[in-house]
Participant: 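This is the structure I have questions about; it appears just below.
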Amino acid sequence: MSKESLSITDNRTGKSYEIDIKDGAIRAMDIRQIAIDEDDFGLLSYDPSLGNTATVTSSVSFIDGDKGILEYRGYPIEQLAEKGTFLETAYLLVHGELPNKDQLENWETDITHRTMVLENVKKFMEGFRYDAHPMGMLVSTVGALSTFYPEAKNVQDESVRLEQTIRAIGKVGTIAAWAYRHTLGYPYIYPDNDLSYSGNLLNMLFRMVEDKYIPNPVIERAMDVLFILHADHEQNASANTMRAIGSSLADPYSALAGAIGSLYGPLHGGANEAVIRMLEEIESVDNIPKFIENVKSGADGVRLMGFGHRVYKNYDPRARLVKEMADKVFEVTGRNPLLDIALELERIALEDEYFIERKLYPNVDFYSGLIYQAMGFPVEIFPVLFAIPRTVGWMAQWSEAFGDREQRIVRPRQLYVGERQRDYVSMKDRS
Ligand code: SDX
């Protein structure tokens, strides 16, 4: 069998180099040795958006973008969505194995008893204006948790990391729900420990004057499945942000604030909100052909939101599962009229050469917003409903880095293309 290596000749010097190949990759540091002379720093690899650069080894999630495969710790997402619960999946992502009965019960109890937040958090949130975007409130309030739990700075201690993981998963839902209630001017609802994770979230989001909130089982299960589908997704922009902040040994709440900020962007987790705004702007299936032409012409940078993916060059398996679940939810909530536009938009796009040649398919955000809207959520909350479950993946990815002896503080290099060695110009001589 041929040696797992590259033979490289530097045509500038005629020198040859052997570069090892391991796990389908070469080490970027191995090309540093390729230099013109002793004064030459050596070769860098240039990959502006890390489109072809692995920055970590991980065993949390596996994606095969060409085949449309997503596995959490080796378990297909389809099986977890069909047979599992969100907290069971959270245990799997954090611990690496499915929990046995006792482990699951203890895990559920631990997280359930971490859903309360300190009263100061309530006062902190009351400082936001009535029209503050819930994601902005989530970024700030999760970051503020670092001031309530100073012991979280002991990130090298595995037990501290696990304690903060449980706290973060427990509290993110409460903070998210209170952000939602703040935008409505409604009183905050405290957690109800009798309910499941998703049932309690619905309680904190929607309970009004009833003594006990009873979640609709179809909606509760749909929320749980959506959370399973959104829990992790290997090295996406926000997971990369989480790891980069964590690499400086900052506390996990500060890292989570950064990850939530990254997810907020319309190209990432903000896409589910952008999809609904796009569908509402299209307004009728009759307007789809003109919209598609606008997208293809690149007019004003208009994109088909909820379509395309850096890794999936096939149908996002999560989008298929969300689409299948939509019908069950609509049986309870009533059909979202925007669904007809979404289905026709997908049908037309999947037949159009522009999208086919660019391998643009629906991603997880294309249908999820339709379900959230049918559940009664305003669009501003959609990225928050993405951040809640993704907190599990961010914490699992963050913690995994501490077990990787090769991980150090993230410090990329650059290709400097600016001016050099310029002398100061006094004001009178400046044009
Ligand atoms: C998520 O990374 C993850 O795993 C993210 C995520 C997760 O679970 O964490 O899966 C969640 O963020 C899903 C993606 C949600 N974002 C959107 O739906 C926004 C719309 N989609 C995109 O803007 C885009 O597809 C990205 C951001 C998702 C991916 O962008 P890439 O890989 O950088 O692709 P690109 O911008 O280089 O585009 C390649 C070509 C370009 O055309 P050309 O310049 O070659 O002519 O495809 C075009 C783009 O213009 N293109 C689109 C398009 N997406 C890419 N054209 C129209 N509509 C789109 N949606």
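Numbering of residues begins at 1 and proceeds along the displayed sequence. Counting starts at 1 for both ligands and their atoms, following the listed order.
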Participant: Going by heavy atoms, is Phe366 under 4.0 Å from ligand 1?
Facilitator: no
Participant: May I ask you to identify, for Leu360, whether its side chain, its backbone, both or neither come under 4.0 Å of ligand 1 on a heavy-atom basis?
Facilitator: side chain
Participant: Of the choices Met278, Arg318, Gln235, Lys296, which has the non-hydrogen atom that lies closest to atom 8 (O) of ligand 1?
Facilitator: Arg318
Participant: Contact between Gln164 and Tyr253 at the side-chain level, heavy atoms closer than 4.5 Å - yes or no?
Facilitator: yes
Participant: Once you restrict to heavy atoms under 4.0 Å, what part of Tyr312 touches ligand 1? Side chain, backbone, both or neither.
Facilitator: neither
Participant: With ring pair (Phe, Tyr, Trp, His ring centres under 6.0 Å) as the test, would you mind laying out the steps for Tyr312 and His233 before giving the verdict?
Facilitator: CA-CA 11 Å; Tyr312 288 124; His233 211 238; 5.2 Å; yes
Participant: Which residue and non-hydrogen atom of the protein lie closest to atom 32 (O) of ligand 1, and at what distance in Å?
Facilitator: Arg310 NE, 2.7 Å
Participant: Taking everything shown except Lys122 itself, do over 12 heavy atoms lie less than 6.0 Å from its NZ?
Facilitator: yes
Participant: Identify, for atom 21 (N) of ligand 1, the protein heavy atom at the shortest distance, and state residue, atom and that distance.
Facilitator: Phe307 O, 2.9 Å
Participant: With a 4.0 Å cut-off on N to O distance, would you call Glu353 and Arg358 a salt bridge?
Facilitator: no
Participant: Considering only heavy atoms, does His230 approach ligand 1 within less than 4.0 Å through its side chain, its backbone, both, or neither?
Facilitator: neither
Participant: So is there a nitrogen or oxygen of Ala237 less than 3.5 Å from a nitrogen or oxygen in ligand 1?
Facilitator: no
Participant: Taking Arg129 first and then Asp131, would you say they form a salt bridge - that is, a charged N and a carboxylate O separated by under 4.0 Å?
Facilitator: yes
Participant: For the residue pair Leu370 and Ile276, what are the closest heavy atoms and their distance?
Facilitator: N-CD1, 3.7 Å
Participant: For atom 40 (C) of ligand 1, find the nearest protein heavy atom and state the residue, atom name and distance (0.1 Å precision).
Facilitator: Arg358 CD, 4.0 Å
Participant: Taking side chain as C-beta onward, heavy atoms only, is Glu400 less than 4.5 Å from Met395?
Facilitator: no
Participant: Which protein non-hydrogen atom lies closest to atom 15 (C) of ligand 1, naming both residue and atom, and how far is it?
Facilitator: Asp365 OD2, 3.2 Å
Participant: Quick one: does ligand 1 sit under 4.0 Å from the side chain of Asn363, the backbone, both or neither, non-hydrogen atoms only?
Facilitator: side chain
Participant: Strictly below 4.0 Å, N to O, side chains only: are Lys296 and Glu357 in salt-bridge contact?
Facilitator: no
Participant: So if I count the atoms of ligand 1 from 1 in the order they appear, which ones are less than 4.0 Å from some heavy atom of Gly306?
Facilitator: 17 (C), 18 (O)
Participant: Which is it for Glu234 and ligand 1 at heavy atoms under 4.0 Å: side chain, backbone, both or neither?
Facilitator: neither
Participant: So if I count the atoms of ligand 1 from 1 in the order they appear, which ones are less than 4.0 Å from some heavy atom of Ala271?
Facilitator: 15 (C), 16 (N), 17 (C), 18 (O)
Participant: Where does Leu304 meet ligand 1, judged by heavy-atom distances below 4.0 Å: at the side chain, the backbone, both, or neither?
Facilitator: both
Participant: Using a cut-off of 6.0 Å, state whether more than 12 heavy atoms not belonging to Gln33 lie near its atom CD.
Facilitator: yes
Participant: Is Glu324 paired with Arg320 through a side-chain N to carboxylate O contact shorter than 4.0 Å?
Facilitator: no
Participant: Using a 4.0 Å cutoff against the non-hydrogen atoms of Gly308, which atoms of ligand 1 qualify?
Facilitator: 25 (O), 28 (C)
Participant: For His133 and Glu273, which I'm curious about, is there any donor-acceptor pair between the side chains at under 3.5 Å?
Facilitator: yes
Participant: Give the residue and atom name of whichever protein heavy atom lies nearest to atom 10 (O) of ligand 1, and the separation in Å to one decimal.
Facilitator: His309 NE2, 2.6 Å
Participant: Of the side chain and backbone of Val295, name the one, both, or neither that has a heavy atom under 4.0 Å from an atom of ligand 1.
Facilitator: side chain
Participant: For atom 43 (P) of ligand 1, is the nearest protein heavy atom closer than 4.0 Å?
Facilitator: yes
Participant: Using a plain distance cutoff, I'd like to know if Leu267 has any nitrogen or oxygen under 3.5 Å from a nitrogen or oxygen of ligand 1.
Facilitator: yes
Participant: If we ignore angles and hydrogens, is there a donor and acceptor under 3.5 Å between the side chains of Gln79 and Glu71?
Facilitator: no
Participant: Taking the side chain as every heavy atom from C-beta outward, state whether Thr183 and Pro134 have any atom pair closer than 4.5 Å.
Facilitator: yes
Participant: Testing Met325, Glu82, Glu220 for side-chain contact (heavy atoms from CB on, under 4.5 Å) with Val225, which one passes?
Facilitator: Met325
Participant: Evaluating non-hydrogen atoms only, which member of Lys313, Arg303, Lys359 is closest to atom 38 (O) of ligand 1?
Facilitator: Arg303
Participant: What residue and heavy atom of the protein are closest to atom 4 (O) of ligand 1, and at what distance?
Facilitator: His233 ND1, 2.6 Å
Participant: Verify the contact flag for atom 13 (C) of ligand 1, where contact means a protein heavy atom under 4.0 Å away.
Facilitator: yes
